Q: 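Pasting in a structure now, in structure tokens, and then I'll have a few things to ask.
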Amino acid sequence: MSGRGREKSVEGKATPPSLSSEIEGPGLPYWERTAGFRESLLQLFPRKEAKALRRVGHLLFYLVTEANMPDEDDADDSSLTRREVEAAMVDLRHVQSFLAGISRQVEDVVLERDETRLAMAAGEAAGNLAAILGALAKVLQ
Amino acid sequence: MPSRPKFIPPPIPTGFEARAPLREAFLRHFTPEDAERFRYMGSLIYEAFMESAQTTLPKDLPESETWREMNAALLDLRFVQHFLAETSQSLVQSALEVDDTQLAMAAADFSRELGKIADRMDEVLG
């Protein structure tokens, strides 16, 4: 995770991609459309390729949920709700760790002022998520 | 003039798989063995991809790497927020056992909390 120079627009500010269009697009809910690959991977790709991979991930998710594959060796009698919350916790832990990694750039890389602000905000969010993860783990005990 | 406190980045837990490209919400549909195979395959693909990054990754992206990573983290956080909200829907759509009712209610609370953190990140990203 190293800082890459941001291209400035005429106003001196980078033009961000439309986040709301990713989340509030028509059709299926956002989480379902993006249930395959993590965005921490997809951000490495150009937007067009990332969009294609997002669709592949959704297709895989759709196939596996439609297939409803029985697991004859499954000795785990946890409820569906518990399994979902456990999966959410693992995914959240990944986000928290990823954010913590971003915040390390403050120490490891020479950042521009805007990036320093972002990296510090990432650290703050990671700290807040750590508290939520602790509470979530207690609920699952 | 008071000096600014030094920024201390939060710790990264051991066992964090930075190279885990597939969501757990997806992998939970597989047997533990198959999920592990998927994780392994995902790691291999990620590693192979990163090894060839110098030649395959675009160099002229309009946003900084920090911005892209933060944006990706926000999208992943929104995913968990909405996934937990979906889990809590079982409170109105299913007849749950007491334990599961508590879990689903907690999922709703955590989803709201994550929403606040995500909103804050959204503001910072601009």
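Every chain is numbered from 1, with letters handed out A, B, ... down the list of sequences. Remember, predicted model here, so these are calculated numbers, not experimental data.
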Q: For B:Val80 and A:Ala88, work out which heavy atoms get closest and say how close.
A: CG1-O, 3.7 Å
Q: Are side-chain heavy atoms of B:His29 and A:Phe61 found at a separation under 4.5 Å?
A: yes
Q: Check for me whether B:Arg23 meets the cation-pi criterion with B:Phe79, that is, NZ or CZ under 6.0 Å from the six-membered ring centre and within 45 degrees of the ring axis.
A: yes
Q: Relative to chain B, which of A:Ala122, A:Gly36, A:Ala135 shows the most heavy atom pairs under 4.5 Å?
A: A:Gly36
Q: So which of A:Val64, A:Leu80, A:Leu42 has the biggest tally of heavy-atom pairs under 4.5 Å with chain B?
A: A:Val64
Q: Where do B:Gly115 and B:Arg78 come nearest, in terms of heavy atoms and distance?
A: O-NH1, 3.8 Å
Q: By a 4.5 Å heavy-atom criterion (distance strictly below it), what part of A:Leu99 contacts chain B: side chain, backbone, both, or neither?
A: side chain
Q: If we ignore angles and hydrogens, is there a donor and acceptor under 3.5 Å between the side chains of A:Arg93 and A:Gln96?
A: no
Q: If you count heavy-atom pairs within less than 4.5 Å of chain B, which of A:Ala130, A:Ala126, A:Ser79 leads?
A: A:Ser79
Q: Given a strict heavy-atom distance threshold of 4.5 Å, which part of B:Phe83 is in contact with chain A: side chain, backbone, both, or neither?
A: both
Q: Under a 4.5 Å heavy-atom cut-off, does chain A meet the side chain of B:Ala73, its backbone, both or neither?
A: both
Q: Looking at chain B, which one of A:Ala119, A:Gly127, A:Gly123 has the largest number of heavy-atom pairs inside 4.5 Å, strictly under?
A: A:Gly123
Q: Do A:Gln105 and B:Glu69 have side-chain atoms, one donor and one acceptor, less than 3.5 Å apart?
A: yes
Q: If I measure from the heavy atoms of chain A, does B:Leu22 come under 4.5 Å with its side chain, its backbone, both, or neither?
A: both
Q: Specify which of A:Thr65, A:Leu129, A:Leu136 makes the most heavy-atom pairs with chain B at under 4.5 Å.
A: A:Leu136
Q: Looking only at heavy atoms and a cut-off of under 4.5 Å, which of B:Asp34, B:Asp100, B:Asp109 has the most pairs with chain A?
A: B:Asp100
Q: Could you tell me whether B:Glu36 and B:Arg39 make a salt bridge, using a distance below 4.0 angstrom between a side-chain N and a carboxylate O?
A: yes
Q: Most heavy-atom pairs under 4.5 angstrom with chain A, which of B:Met121, B:Glu86, B:Arg120, B:Lys116?
A: B:Glu86
Q: Using non-hydrogen atoms and a 4.5 Å limit, figure out which bit of A:Val106 sits close to chain B: side chain, backbone, both or neither.
A: side chain
Q: Is it the backbone or the side chain of A:Glu49 that comes under 4.5 Å from a heavy atom of chain B, or both, or neither?
A: neither
Q: Counting only non-hydrogen atoms closer than 4.5 Å, does A:Glu107 touch chain B with its backbone (N, CA, C, O), its side chain (CB onward), both, or neither?
A: side chain
Q: Using only heavy-atom distances, determine whether the side chains of A:Glu84 and B:Thr87 contain a donor-acceptor pair under 3.5 Å.
A: yes
Q: Of the listed residues (B:Asp76, B:Leu84, B:Leu27), which shares the most heavy-atom pairs with chain A below a 4.5 Å separation?
A: B:Asp76
Q: Hey, are B:Ser64 and A:Glu112 close enough side-chain-wise for a donor-acceptor pair under 3.5 Å?
A: no
Q: Between B:Gln102, B:Met70, B:Gln81, which has the largest tally of heavy atom pairs under 4.5 Å with chain A?
A: B:Met70
Q: Can you name the nearest heavy-atom pair linking B:Ser43 to B:Pro21, along with the distance?
A: N-CD, 4.1 Å
